[in-house]
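Order of the sequence lines fixes the chain letters, A, B, ..., with proteins taken first and strands second; residue numbering starts at 1 for each chain.
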There are 2 protein chains.
Amino acid sequence: MGTTSKALSLLRLFSNSQPEIGLTELSRQSGMNKATVYRLMSDLAEYGFVEQVGADRMYRIGPGIMRLAVLRETTVPLRSIAKEHVRALAEEIGETTHVSQVSGDELSTLTYAYSAKHGTRVTMEDAERLPFHATSSGLAVLTYSKVALVDAILSKPLDKRTSHTMVDPSQIRDELGRISARGYAESVSGFEQDVHSVAAPIFAGGATVCGALAIAAPVGRVNEALRSRMIAAVQERARMITDLMAGAMPVSLDSP
Amino acid sequence: MGTTSKALSLLRLFSNSQPEIGLTELSRQSGMNKATVYRLMSDLAEYGFVEQVGADRMYRIGPGIMRLAVLRETTVPLRSIAKEHVRALAEEIGETTHVSQVSGDELSTLTYAYSAKHGTRVTMEDAERLPFHATSSGLAVLTYSKVALVDAILSKPLDKRTSHTMVDPSQIRDELGRISARGYAESVSGFEQDVHSVAAPIFAGGATVCGALAIAAPVGRVNEALRSRMIAAVQERARMITDLMAGAMPVSLDSP
DNA sequence: CATATCGGTTTATTATATGAACCAATGGTT
DNA sequence: AACCATTGGTTCATATAATAAACCGATATG
C-alpha cells in the first residue's frame, strides 16, 4: 500500500460517530505504527485536511477540505441541487428523504430532510456510510454500477444488519435485475428495523450513476397507497435531479 | 518533501479558473515527474479525492471530498452559518458580501452573496484564494493570527496587484496594529481596482481566528455615510457569527 | 506523412518511509 | 506519594517504497 493511500485511508476513519480521534487511537484503528500515523497526520494537517484541537490534541477534519468542497460543488453541484429537492420531496410525501453519493466503493449520505407531518419519523445522520446491499439507495446505485464494483462489493462478506437483510450475493444479483426492470429499489427493514425505504438512481454526465434519492418511512405507516406515492415520487424527483445534473438516463429508464 | 505532501499539493493546483487539469499539465505545474504525478493522482482517485472525466481523461476534484466536507460542517458549521449572514448583510447594506476561511497559510472564499439593489456590483468567485496582504479579509485575519504565520506571509515576496497594493512588510505590520486597535480592516483598490472593502475577523473556539467577513463595494459608491454603515455592520455581523461558532472575541474587541 | 503531444507504463536507482524503543507529561489508583 | 498505564511526540538504523528517464501507443496537428 502506497504512502499516499495510507494517509488518505486515515481520513476514512473519521465519521459522524467518531468526529475526533487521537493519535494512538488512529494508530490502533488503522493498524499502522504510531510514528507513521504521526507523520502522515502532520502532513495532512499542514494542508488543512485535518486540524488538532483541544488540550488532548485530538484530530478532526480540517478547513482545507472546504475549499475543495466548494470547488467540487461549482463543477458538480449535486449537493446544492439535491438539498432543494430533498426538502420538496419530504414535504410532498410527509416522510424523511435523503440523497446519497457514490465515491469509489463507498456510498454516503450527502443531504437529507425531515417532514414535520408526523411525530415519528426515520432519523438520519450526516455523512453516514451506507452499505450497498442493505439499503434501497445502495441497491439502486449498484444496479447501474460497473460490474467491477458490483463484483467487488458482493465478493466481500455482507453484514446482516437485521433479520431481513439480504446477504446472499446471487439473491442480491437477482434483485438488481428486478430493480433494473422496474426502475426503483425497495428495502423493508433491511438496514434498520421498522424502516421501509424506496430509492431511485441519480445519474450525471453520460449515464454514470452518481448517487440515489430515497424516501424512508416507518414500516407501520406504509400502506399500499403511501407506497405507490413514494415509488412514483422518488422516481420523478430522481429524474428531475438527473436532468439538472445534465446527465442522461439510461435508455431502459427513459420511457415510463 | 514527503510523498503525502506532494500528493496534497497537487490538489492545490485546482481552482475555479482551472477546475480540470490533465496529467502533463499537472506535471508541468507541480514540477514533478509525470510518472510520479500519475501514481499520486491514481492514489487520490482511488479514494475519490479526484476523478477523471471525459475522453481526455482530465482530472477534477472528486466526490470523496464531499463526505469529508459534510462531516466538517457538522463539527464546525462555519459555512452554513456564514451563508445566512452573508445573505442578510448583503441585503442590509446593498453590496456584495463574503466570508473567507483560513486554512494553514491559505485564505479562500467560503461563500458570498450579491445584493440586487444596484446594477453594478463587485463580483466574486467561489473557492478563490485571497492574498493576505492585499485584501481587507486577509489583513483582518492576519491581525489576529500567530506571529509565525504573519512572519511566513510577510517574508515571501508580496504581489503588487494594483498601484494601491501595500507590499512593504513593515508598512503592513503597522497597518495590522491599526486594525487591531479599531477592530476592522479596510482596503481601497488593494486587490482589484475600484473595489473598496471592509472586513472583520471571525473567531472559533478559544479566540483563534478562523476567517473573516467582508463587504465589498465599487469605490465610487462609497461615500462617508455608506462607509460608516459598512464598518458598523461588518463588525456586528462578524461578532454574531463568532458567537454562533461558540468562539470568544479577544478582550480588546469585547468592549466597543 | 512527419511531428508533437497526450495519458500511461516500465525498471534500475535512490531517496524516503518505517517501526521498535524511548521521552516527557498527564491522570488515575493504590 | 509512589506507581502504573496512558497519552502525544521523537529518534535513527534499516528496509521498503518512491522516483525519473526512457519508452509505448494513440490521437491530434502541421
So the side chain to side chain donor-acceptor pair (under 3.5 Å) pairs with at least one residue in residues 36-49 of chain B (sequence neighbours excluded) are none
| query | Hey, does the side chain of A/Thr242 reach the backbone of A/Phe203 with a donor-acceptor pair shorter than 3.5 angstrom? | reply | yes
From CE of B/Met58 across to C1' of C/dT5 the rounded distance in Å is 14 Å
Side chains of A/Ile241 and A/Glu84, heavy atoms from C-beta outward: is any pair under 4.5 Å?
no
### Message
At 4.0 Å (heavy atoms only), tell me whether B/Glu25 reaches a base, stays on the sugar-phosphate, or touches nothing.
### Response
nothing
Under a 4.0 Å heavy-atom criterion, DNA chain D is touched by chain B from D/dA18 to D/dA21
So CG of B/Leu8 and CE of B/Met1: to nearest 0.5 Å the spacing works out to 9.0 Å
Rounded to the nearest 0.5 Å, the CZ atom of A/Arg67 sits from the CD atom of B/Glu128 at a distance of 10.0 Å
Next item on the list: Taking the side chain as every heavy atom from C-beta outward, state whether B/Phe132 and B/Leu139 have any pair of such atoms under 4.5 Å apart.
Entry: no
Query raised in the report: Would you say the side chain of A/Val99 lies within less than 4.5 Å of the side chain of A/Lys83, judging by non-hydrogen atoms?
Result: no
### Query
Taking OP1 and OP2 of C/dC6, is either one under 4.0 Å from a side-chain nitrogen or oxygen of B/Arg57?
no
With B for base contact, S for sugar-phosphate-only contact and - for none (protein heavy atoms under 4.0 Å), nucleotides 16-25 of chain C reads SSBBB-----
Between B/Tyr38 and C/dG7, does any side-chain N or O lie under 4.0 Å from OP1 or OP2?
-> no
**Request:** Please check if any side-chain donor atom of A/Ser137 sits under 3.5 Å from a side-chain acceptor atom of A/Thr135, or the reverse.
**Result:** no
- Please determine if a side-chain N or O atom of B/Gln52 lies less than 4.0 Å away from the OP1 or OP2 oxygen of C/dC6. no
